[in-house]
Each structure stands twice: as C-alpha cells, then as structure tokens.
Amino acid sequence: MKYVVIGGIAGGPSFATRLSRIDKDAEIIILEKDIAISVASCAIPYYLGNIIDDRNTLIERTPEVLKAKNNIDVRLNNEVTAIDSNNQQLSVTDHSSGEEYTERYDKLILATGASPTFPPIPGIEDADDAFVLRSLSQADQIKSFIDEKSPKQVTIVGAGTIGIELAESFITRGIDVSIVEQSDQIAAPYDSEITDILKDHLKDKGVKLYLNQTVASIEDNGHTINYADGTVHQTDMVFLGTGVKPNSEIAAATGVKTTADGHIPVNNQFETNVNNIYAIGDVIETTSLIDGQPIPSLLSSAANRQGHLLADILNGEPLEYNGFIGTGASKLFDLTASFVGYTELMLKAKGVSNYKTVFITPFDHAYFYPGADRVNFKLLYEDKTGKILGGEAIGTQGVDKRISQLSVAITGNLSVFDLPALEIPYSPPYSSTRDVLNIAGYVAMHSLTDGVETIKESDIPDDIKSNAVFLDIKEAGKPTMGNIQPTLNIPLNELRDRINELPREQPVYITFRKGIGPYNASRILASEGIKAVIIEE
C-alpha cells in the first residue's frame with residue numbers, strides 16, 4: 001500500500017512515523033514544499049528573539065533521519081500542483097531541480113496546514129520590508145533582515161497572540177514595537193477580563209498599542225503606514241499578524257468538499273468526501289467535543305494526535321476521533337495566558353446565550369508561601385446543567401496547569417458540580433487547600449443552586465433602568481466597571497453594617513464587577529430578605 005502525505009510540519013510526520021512502526025510493508029512518501037519538515041513552529045518567535053539560538057533545534061526530524069529510522073521518503077521543496085483523484089495521481093514540482101513529475105497513491109493524506117493571510121491593504125504586496133510568519137523559510141527571512149538591517153522600529157499589524165509573542169522577541173533585541181489593531185480587541189479569542197490585564201502589561205513593557213486604528217495603505221517599501229484617520233506612521237519594518245487561512249485550494253480543485261472559509265470537513269475517521277483522501281490538522285473542520293458542532297482544528301498539538309490516530313485507523317484499528325476541544329497557552333512577556341474550549345467571545349459569535357460565567361482571582365499557591373500571585377481565571381458553563389463550555393486564565397504562575405486540568409475535566413464530561421471534588425495535589429509552594437478549579441466549581445455550583453439571578457445589561461428594560469437601585473460594591477479608589485451608572489456605592493466589606501441603606505420592596509441590581517464579589521454581595525442581601533440581581537457584562 002502506497003501512502004502519500006502532502007505537508008510535513010506536524011500532522012504529516014506524526015502519521016508517517018506511526019504508520020511506519022505498525023505497517024512494515026507500507027510505502028510512505030512525504031511531499032513538503034518548504035525547506036524543512038517537523039518544524040517546531042510555535043518556537044519560532046523565541047528563535048527570532050535569540051532566546052533559542054540554535055536554529056537546528058527547531059527541526060525535530062530531518063529527511064535523513066526519517067529515511068534511516070522509518071524508511072520514509074521525504075522530499076523537500078516538492079510542491080503538489082494538482083490532484084487527479086480519479087486516477088489517484090499527483091502532479092508535483094521539485095523546486096530544487098525544476099523537475100515536474102507525477103506520483104501515484106493508494107491513500108492520500110492532506111496535512112497541508114494553513115498560511116498567513118494578507119489583508120487587502122494597498123501597497124502591501126509591494127512592500128519588501130513587510131513580513132508574515134508561518135514557515136521556517138519565512139523565519140529565516142525575518143532573522144536575516146533584523147541581523148543585516150538592524151531595524152529600530154517594527155510595526156505589528158494585528159494584535160493576535162503571535163504578534164504579541166513576536167513583540168517580546170523584538171523588544172528583547174532592542175527594537176521599539178508598535179501594535180496596530182482595527183478593533184479594540186487584542187489576543188483574540190480571549191475575553192476582556194483577560195485582555196484588560198494584558199493591555200496594561202504590554203504598556204508597562206514599552207509596547208505602543210494603537211487600537212481601533214485601520215491601516216489605509218502602506219508605502220515606501222513598507223516604511224510608511226497611512227492610517228484611515230489621516231495620520232502617518234514611519235517604521236523600519238512591518239509584521240502582518242492578521243490571521244491564517246487553510247491551504248485547501250488544490251484539494252478543492254479535485255472535488256474535495258470545503259467550507260465557506262476553506263476548511264475541509266472530515267468525519268470521525270478523517271475521511272473527506274473523496275475516496276481514499278484523508279485530511280488532518282489546521283486544514284480540517286471537525287466536530288467540537290463540547291457541543292458536537294462543526295469547528296476548525298487549528299493547533300499543532302491536535303494535528304500530531306490526529307496523525308497518530310489516523311495511522312492506527314488506516315492500519316485497521318476500530319478507532320474514531322472524539323472531537324476537538326481547542327486549548328492553548330502563550331507566554332506574553334512576564335504573563336502566561338491560556339484557554340480551553342469556548343470563550344465568551346466565541347459563544348457570542350455562535351449565537352449561544354444560555355451560559356453563565358465565573359471570574360475569580362485566587363492565589364496560584366498558598367498566600368503565606370513567598371511569591372504568591374493571582375491567577376485570573378474565567379469559567380464558562382451551561383445554564384441549568386452546569387456543563388463546562390470553556391475556561392481561560394492569565395497570570396505569572398500555574399496558569400497552564402489549571403487550564404490543563406480543566407481540559408481533562410471537559411474530556412471526561414465533568415460538569416461544574418464535579419469541580420469542587422477534584423483532588424488536586426496540595427503543597428504550599430504549588431497550590432492552596434482549595435485550588436483554583438475547586439473554588440471556581442463552588443462559585444459556579446452555588447450560582448446554579450442558590451437561586452442567584454443574573455441579567456445582562458442589555459436585557460434590563462428602560463423603564464426599570466430609570467428607577468432601579470444599582471449597587472456598586474467597589475472599594476474606595478477602585479474604578480467603576482460596566483456601563484451603568486451606580487446609584488449607591490457600598491463597599492462589600494461594609495455591606496452588612498449598611499444594609500439598612502438598601503430598599504427591601506424592590507430588587508437591587510449589583511453592577512458589573514469582576515471576581516467573586518457580586519456573588520458574595522448577593523448572598524448577604526438574600527440573608528436579609530433583599531432580592532439581588534447581578535448584572536453581567
């Protein structure tokens with residue numbers, strides 16, 4: 001049986017090496033159009049910042065190693081230009097020699113990944129000093145430019161996590177960094193509870209943020225940026241971190257079904273709609289393990305697992321892919337941000353409304369042990385049932401650990417009612433007796449069982465807004481949050497003593513505030529017979 005893999009970064013090599021170990025008779029070919037395979041793409045920003053100084057460590061396997069150890073034929077700089085699915089044949093161009101040839105297959109695996117998108121900015125295509133980053137060859141271009149030209153300023157267009165990770169690398173090398181974003185959202189898909197903390201941190205690190213700013217055009221080889229509001233910005237270098245698109249054009253041309261945004265839908269055995277063609281990794285649309293809905297699969301860790309599983313499936317094992325959750329972590333200067341599943345931003349985009357949230361800020365380990373810091377943790381769960389929909393966190397320590405634990409809980413189909421019972425290792429340097437997930441579970445569980453009523457600001461009728469009591473429980477000196485002007489401010493630690501200042505004949509609306517405070521306030525009011533309604537952002 002002859003297996004041909006298109007794409008050699010993550011899922012492709014994982015499939016090929018696994019299959020070679022379990023099927024000694026398999027003929028396996030990997031066709032990769034770039035200059036290397038098995039590249040640790042997520043490590044490239046650290047290589048550009050000289051944090052990782054050995055380029056070779058970014059390449060986990062070489063063609064020579066795969067040939068010697070696994071009998072896999074790896075062909076670099078070989079680009080597939082067409083797929084003839086009727087005759088099960090590929091048209092290939094070897095860019096090293098210029099040769100064009102055909103290659104037959106019995107089974108074809110599409111592991112073509114995704115590519116950076118170029119926004120429709122006039123002048124961007126002609127700007128030699130504007131860069132994108134997805135491959136090792138692109139990393140080499142950026143590294144050579146910095147080493148040879150010594151730019152003093154770089155402008156990053158797009159405030160996603162890749163741009164922020166690169167911002168740290170650029171600043172490490174003494175380059176001033178500006179990040180331009182056409183919305184007020186940074187580090188999507190994180191929610192504002194997380195990104196508000198990150199914004200302040202970036203400013204403290206010297207990053208200049210220009211939000212709600214649209215690039216109208218780029219001139220002077222990428223050195224002049226014209227904004228839509230008429231202002232002009234001079235820079236030495238431009239980096240485009242404006243998103244990625246799946247590499248599915250060649251597959252679509254042969255009849256492989258694709259979605260409106262270019263992903264390839266697959267079933268739970270990674271089959272496409274075309275016989276003997278399979279797909280894994282960033283290029284596919286699979287189903288969400290959380291709600292069973294279609295979802296892209298956009299993480300190299302997922303691609304590696306999918307490749308391994310597909311090899312077992314094609315070897316005859318009765319296995320299926322359970323679905324994609326989506327989890328990731330990013331080092332953003334001195335902070336770590338991590339997420340799993342859906343964020344509130346994603347739920348709103350899907351039109352989901354029957355969910356609740358908890359935001360807590362406990363210590364990452366016992367407060368009395370030196371170095372304790374806050375974990376800012378948000379949990380999202382289904383109303384009524386407590387089904388866990390996702391979570392996100394930011395902090396200096398232990399952030400990825402808590403999100404990893406939550407990912408396991410989601411995989412095991414636990415609900416928020418199960419989180420308080422999780423036995424999480426305790427020792428003062430590492431955790432508290434009630435760890436982050438335990439606390440989040442308690443708060444979420446009580447919000448569902450204690451009759452705590454919540455309402456979104458937009459759902460409050462205008463006639464109620466004009467006469468209602470809006471209670472702000474902020475401490476002195478802290479800013480007001482949310483968009484509703486409070487009618488009364490009583491700090492939480494004074495609420496019991498000043499309870500008589502509140503009316504008992506009408507509900508009291510507790511204005512938006514991050515953390516567990518609004519819940520605690522609602523329980524104090526309930527104990528006094530006062531109906532409390534918590535306003536969610």
Side-chain angles (χ1 to χ4, degrees), residues 10-11 110-111 113-114 160-161 188-191 194 243-246 248 257-273 278-310 313 319-329 337-358 378-393 400 402-419 437 440 444:
L110 304 174
T161 53
Y190 291 101
D191 294 326
I194 307 301
V244 297
K245 62 179 180 62
S248 60
K257 181 182 177 182
T258 58
T259 63
D261 61 359
H263 288 92
I264 298 174
V266 296
N267 63 13
N268 57 12
Q269 292 193 315
F270 305 108
E271 294 175 306
T272 71
N273 64 302
Y278 302 79
I280 54 177
D282 289 4
V283 76
I284 71 170
E285 178 187 80
T286 180
T287 55
S288 166
L289 183 63
I290 296 173
D291 61 9
Q293 297 300 306
I295 188 172
S297 171
L298 291 174
L299 296 165
S300 61
S301 55
N304 272 282
R305 294 193 303 275
Q306 291 163 4
H308 190 284
L309 177 59
L310 178 58
I313 290 171
L319 301 173
E320 295 180 345
Y321 185 55
N322 293 329
F324 180 75
I325 299 175
T327 185
S338 188
F339 75 94
V340 62
Y342 293 118
T343 64
E344 190 164 9
L345 197 67
M346 297 165 72
L347 290 175
K348 288 179 178 178
K350 286 165 56 72
V352 176
S353 58
N354 64 323
Y355 67 88
K356 297 172 75 70
T357 69
V358 161
K378 183 173 182 178
L379 177 68
L380 298 99
Y381 54 100
E382 198 171 72
D383 198 4
K384 305 293 191 297
T385 69
K387 178 183 178 68
I388 301 170
L389 301 177
E392 52 197 300
D400 57 322
R402 272 67 185 210
I403 294 298
S404 297
Q405 293 163 344
L406 189 62
S407 180
V408 173
I410 293 173
T411 303
N413 199 31
L414 302 186
S415 75
V416 299
F417 296 98
D418 298 305
L419 297 183
L437 256 64

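By convention here, the first residue in the shown sequence is residue 1. Everything numeric here is computed off the predicted structure, so don't read it as measured data.
Panel note: side chain Thr411, backbone Ser407; a donor-acceptor pair is recorded below 3.5 Å. The backbone N or O of Leu345 lies less than 3.5 Å from no partner atom in the side chain of Tyr190, so there is not a single donor-acceptor pair. Without hydrogens or angle criteria, Ser248 side chain to Gly262 main chain gives a donor-acceptor distance under 3.5 Å. A donor-acceptor pair is defined here as one N or O able to donate and one able to accept, closer than 3.5 Å; no such pair exists between the side chain of Asn268 and the backbone of Gly323. Under a 3.5 Å cut-off, the side chain of Glu392 and the backbone N or O of Lys378 do not form any donor-acceptor pair. Not a single donor-acceptor pair under 3.5 Å links the side chain of Glu382 to the backbone N or O of Asn354.
At a threshold of 4.5 Å between non-hydrogen side-chain atoms, the residues Leu379 and Leu419 count as touching. For the pair Thr327 and Leu406, the minimum side-chain heavy-atom distance is 4.5 Å or more. Between Thr272 and Lys257 the shortest side-chain heavy-atom distance does not fall below 4.5 Å. Looking at heavy atoms from C-beta onward, His263 lies in side-chain contact with Leu298 at the 4.5 angstrom threshold. Using a 4.5 Å heavy-atom threshold, the side chains of Asn304 and Ser301 count as separate. Looking only at side-chain heavy atoms (C-beta outward), Leu380 and Leu347 come within less than 4.5 Å of each other.
Here the shortest heavy-atom pairing between Ala302 and Phe324 reads CB-CE1, 3.7 Å. Closest heavy-atom contact between Thr258 and Pro265: CA-CD, 4.0 Å. In plain terms, the two heavy atoms of Ile284 and Ile280 that are nearest each other are CG2-N, 3.5 Å. Considering every non-hydrogen atom in both Asp383 and Lys356, the closest pair reads OD1-CD, 3.3 Å. Of all heavy-atom pairs spanning Ser297 and Thr286, the tightest one is CB-CG2, 4.2 Å. Of all non-hydrogen atoms in Tyr355 and Leu389, the two that sit nearest each other are CB-CD1, 3.8 Å.
Within a 6.0 Å radius of CG in Asn322, other residues, nucleotides and ligands contribute 12 heavy atoms or fewer.
We find the OH-CD1 distance between Tyr342 and Ile295 to be 4.5 Å, quoted to the nearest 0.5 Å. Here the straight-line distance linking atom CD of Glu271 with atom CD1 of Ile264 works out to 14.0 Å at 0.5 Å rounding. Taking CD1 of Ile313 as the reference point, atom CD of Glu320 lies at 7.5 Å (rounded to 0.5 Å). Note that CD1 of Ile325 and CZ of Phe339 are 11.0 Å apart. Values are rounded to the nearest 0.5 Å.
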side-chain contact (heavy atoms from CB on, under 4.5 Å) assessment of Asp282 paired with Val244: CA-CA 10 Å; Asp282 289 4; Val244 297; over 6 Å; no
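Side-chain atoms of Thr357 and Glu344 form no donor-acceptor pair, as typed in the model, at a separation below 3.5 Å.
Of the options Asn413, Val416, Ile410, Leu414, a side-chain contact (heavy atoms from CB on, under 4.5 Å) to Lys387 is made by Asn413 and by none of the others.
Not counting sequence neighbours, the partners of Phe270 by the ring-ring contact (aromatic ring centres under 6.0 Å, His included) test are Tyr321.
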